[in-house]
Every structure is written in structure tokens, then in C-alpha cells.
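See below for the structure under consideration.
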Protein chains: 2
Amino acid sequence: MGRPDRTRRTLLDAAVVVLSKDSAASLSAVAEHAGVGRTTLHRYFPTRELLIRALVEDALDRVAEAIASAHPDEGPVVDALQRVTDTVVPLGPSLSFLHAEPEVYNARDLIRRWYEALEPVAEAIERGQADGSLRADLPVKWVVDAYAGAILTAWDTADEGRIWLQDAPRLVMTTIVHGVATPQDTP
Amino acid sequence: MGRPDRTRRTLLDAAVVVLSKDSAASLSAVAEHAGVGRTTLHRYFPTRELLIRALVEDALDRVAEAIASAHPDEGPVVDALQRVTDTVVPLGPSLSFLHAEPEVYNARDLIRRWYEALEPVAEAIERGQADGSLRADLPVKWVVDAYAGAILTAWDTADEGRIWLQDAPRLVMTTIVHGVATPQDTP
DNA sequence: TCCAAATGGGACATTCCCGTTCCAGAACGG
DNA sequence: CCGTTCTGGAACGGGAATGTCCCATTTGGA
């Protein structure tokens, strides 16, 4: 991997962190956070628009890859979701960026691609509802969003120092799968 | 209530909708969405900073008032949370705005005030953990964030048309309280 | 070591948004 | 019905961010 590739990677990583906390942050701020001159940033991403697009692509790729690597179609559904959670939580900045970026919010095709990336999770949830391990009185679309939202919340909460990041996967799984009530009280 | 009060209310309502979807939206966009001239907007809120502050105050007040009106300190905790959910879900735009606004994210005191507004919820959760109706192996801070996050997610999901807004409170409560697994599988 | 590639800084024009001012017209209340 | 208040449009200066160019310097590989 040559120098250009490393610089590009550095820029993408810095940009996702900065822009996830302020989607309107200036390109100067991004370049500075990456330890790179603003000129160099423009050399790799000529316009802000192109930088955003590249970040979205990168984030979607990472999420899709992380989910795939967890093999959500294998084994008991709850175990599968546990594996997905473990691999996706570290992608917090990318999730946070996708969620904060207005470009994503207002572009139909990008929303569609987000849910395409989550499709294996949706299938796992359907599988769970079919085999009786997940309750079937909740819309799959809702469960997908609630699950993804919980992961995002966990990242944000850890980022604010209210929980430890290492606890995040367990908290997400316990809360989403079993709920916050005591088991006995669940009718 | 005179004309100025109504105009101010119109502006606040329009601004929270526009800025919740794009925290960097221009004041022209806000004024246009409110059906008001940009001059008038500046007459009520001289600077963008002051508009943001007023929006934050308004959002925090609404959340605190909605929670208080649900009397989260009375009756069974799960019932109390149900009442809070019912009253808070309609505040989606305000929650979304608070969550998206970088000004809030980066200001210690505003974060503190957000959690102060949620304090009655935190107390209800503590009460539930103490009386055995809620599981005690989850940090209260996490439960508060997960709960608020679920309400926000439900609003966003309804806004995208993936669920009906009228179903949101039930979905939030079922998911957060009981989880998405079938009751029998909860150990 | 040497050369090509990559980088960083400075300078510049452009564009967009903000905040202000002025003035004419509309709306509301007495 | 009249006058006070509120509103909307136009115009302007200032400032910040963007995108572009040029050139000196550094870096890393052959």
C-alpha cells in the first residue's frame, strides 16, 4: 500500500470523526484533524461533495462487510445478532456520520443502500420470527431500525463517557433482545 | 395571545423541523418554511446563535413539561414509562433537533440540562430496579439513553414512513421493556 | 544517491450566508 | 376610520468557506 493510499485512508478516517460530530464542519477542520494540508485534501477529494460521497461509500462498505463477516445467516438468531453487534459497534463513527449527514437523509438512493447493507440483519430477524426465537408481533422494519439505533446510541453514550465502550455490545444485546424488565414480569 | 407571540411560535416550530433535518440549514430556508420574511425572523431572533438558544430552551422545556405531565413517579414503573412514552413521542422534532445540533453536542451545560430534563425518567428507572420490576444488571444511565434513543428512532422511522406514528409508543414500549425475543426464551 | 511523486503553504477569486438598514405596505386595535 | 404596530422586500457590507493555482520543499522508492 503506497503513500497515496495511506493518505487517502487517513483523510477518510479523520473526516468521518470530525463530520460525525458536526456535519457542517469546515474542510480546514477536517484537514487539520488529519494532520494534512488543505491543499492535499482537495487533491484527493476535489470538492466537498465528492468527499461526502466517498465517505458514504466507505461507511456503507464497512457496515456491509462487518455484517457479512459475522455470518448472520448461521446458527441461532440471537447468537448471530450477538456476533453482528460485536463487529458493528466499533464502526460507531461511520454509523454516526451516516446518521448525521443531511446528504444521506435527503437522498432516496442512499437511504435505500443503507437498508440494503442491513438486509442480512433483516433476514436474520425474519428467520428468528419464523423459528419462534423472536416475537412475531413486531414489524421487521421496526426491529431493524431499533437494533441499529441501539448500536448507535451505545456508541454515542460511550463517546460521552456514560458507559464503557467494552460494555456496549452486552448492553445492546441485553436491552434489545430481553428488554429492561425483569424476565419474570414478561407476560 | 397577540400577533407577535403567534409569529414567534410559528418561527420556532418551523425552525425545529428544518434544523432537525439539516442543522446547517440557512436562515432563509427557515424563514421560507415558516412562511415569513427573513427580515421578520431576524426581528425575533437577531442572530442565528440566539435562534438556536431559543430552540434549545423551547425543546428542553417541552420535554421536561411532557415528562412531568405524565407523572413518572406514580404507580407501577412500566405504566409510568408508558405514559411518558405517549407524551414524549409527539415531541420527535424537538428531540431530533437536540440530537442533531452540534451546539448541544459540544456544550457541557446543555448536555447537563438535557439529562436534568430526563432526571424524572432516571428516577423512575431506579425505582423500577429497586422494586424488582426492572432488571438491575443494567446501568441506569444506559437505560435512560437507550429509552430516549428508542423514542427518537421511532420518530425517525415513522418520519421515513417505515412504521405508523400511531404505533410508535407501543413498539417502543414492547421493544425496550420486553425485548424482541419471545418471552419463553428470556432466561 | 537521485529523481519522480507527493506534500504544504500562500495567495486569489468566487460564492454563500449573515446581520443591518431603510422604506413602503398590510394588519390589527381602539 | 385612523394610527400604531408589524411585516416583507430590496439592497449592502462583512466574513467565512470553497475551489484553484503556483512554487518551494519533503518524502520515498529505484
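Quantities reported herein were computed from a predicted structural model and do not represent experimental measurements.
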Practice item. Using whole Å, report how far CZ of B:Arg6 lies from P of D:dT5. Key: 17 Å
Practice item. Can you tell me the distance, in whole Å, between the CG atom of A:Asp5 and the P atom of C:dA5? Key: 16 Å
**Study point:** Nearest-Å distance for atom pair CZ/C1', residues B:Arg8 and D:dC6
**Key:** 16 Å
**Study point:** Protein-nucleotide distance (A:Glu49, atom CD; C:dT15, atom P), rounded to Å
**Key:** 18 Å
Review point. If you pin B:Thr40 and A:Pro46 to their nearest nucleotides in DNA chain D, which one's is more 5'?
Key: B:Thr40
Exercise for review: Side chain of B:Thr39 only, please: which of D:dT18, C:dG8, D:dA10 is the nearest?
Suggested key: D:dA10
Revision key, fill the gap. Exactly one candidate in B:Asp61, B:Val104, B:Leu51 meets side chain to side chain contact (heavy atoms under 4.5 Å, CB included) with B:Val56; the answer is B:Val104
Review point. Which residues pass the side-chain hydrogen bond (donor to acceptor under 3.5 Å, both in side chains) test with B:Asp159, sequence neighbours left out?
Key: A:Tyr105
Review point. Roughly how many Å is it from NE2 in A:His42 to P in C:dG10, rounded to a whole number?
Key: 17 Å
Revision key, fill the gap. When rounded to whole Å, the CG to C1' distance for the pair A:Leu11 and C:dT7 reads 12 Å
**Study point:** Length of the CZ-C1' vector between B:Arg9 and D:dC6, whole Å
**Key:** 19 Å
Exercise for review: Check the pair A:Arg53, A:Glu57 against salt bridge (charged side-chain N to carboxylate O under 4.0 Å, His left out), reporting the backbone distance first and the verdict last.
Suggested key: CA-CA 6 Å; A:Arg53 283 185 174 276; A:Glu57 301 297 328; 5.5 Å; no
Point to revise | B:Arg38 (side chain) and C:dG19 (base): donor-acceptor pair under 3.5 Å | key: yes
**Study point:** B:Asp145 and A:Thr153: side chain donor to acceptor below 3.5 Å
**Key:** no
Study note, to complete from the structure: When rounded to the nearest 0.5 Å, the distance separating CZ of A:Arg48 from CG of A:Leu19 is 6.0 Å
Review point. Taking N and O atoms by type only, does the side chain of B:Arg43 place a donor or acceptor under 3.5 Å from a partner on the base of C:dG19?
Key: no
Practice item. Respond yes when some side-chain nitrogen or oxygen of B:Tyr44 is under 4.0 Å from OP1 or OP2 of D:dC6, and no when none is. Key: no
Review point. When you check the phosphate oxygens OP1 and OP2 of C:dT7, does a side-chain N or O of A:Thr7 lie under 4.0 Å from one of them?
Key: yes
**Study point:** For atom CZ of A:Arg48 and atom C1' of D:dA16, their distance in whole Å
**Key:** 13 Å
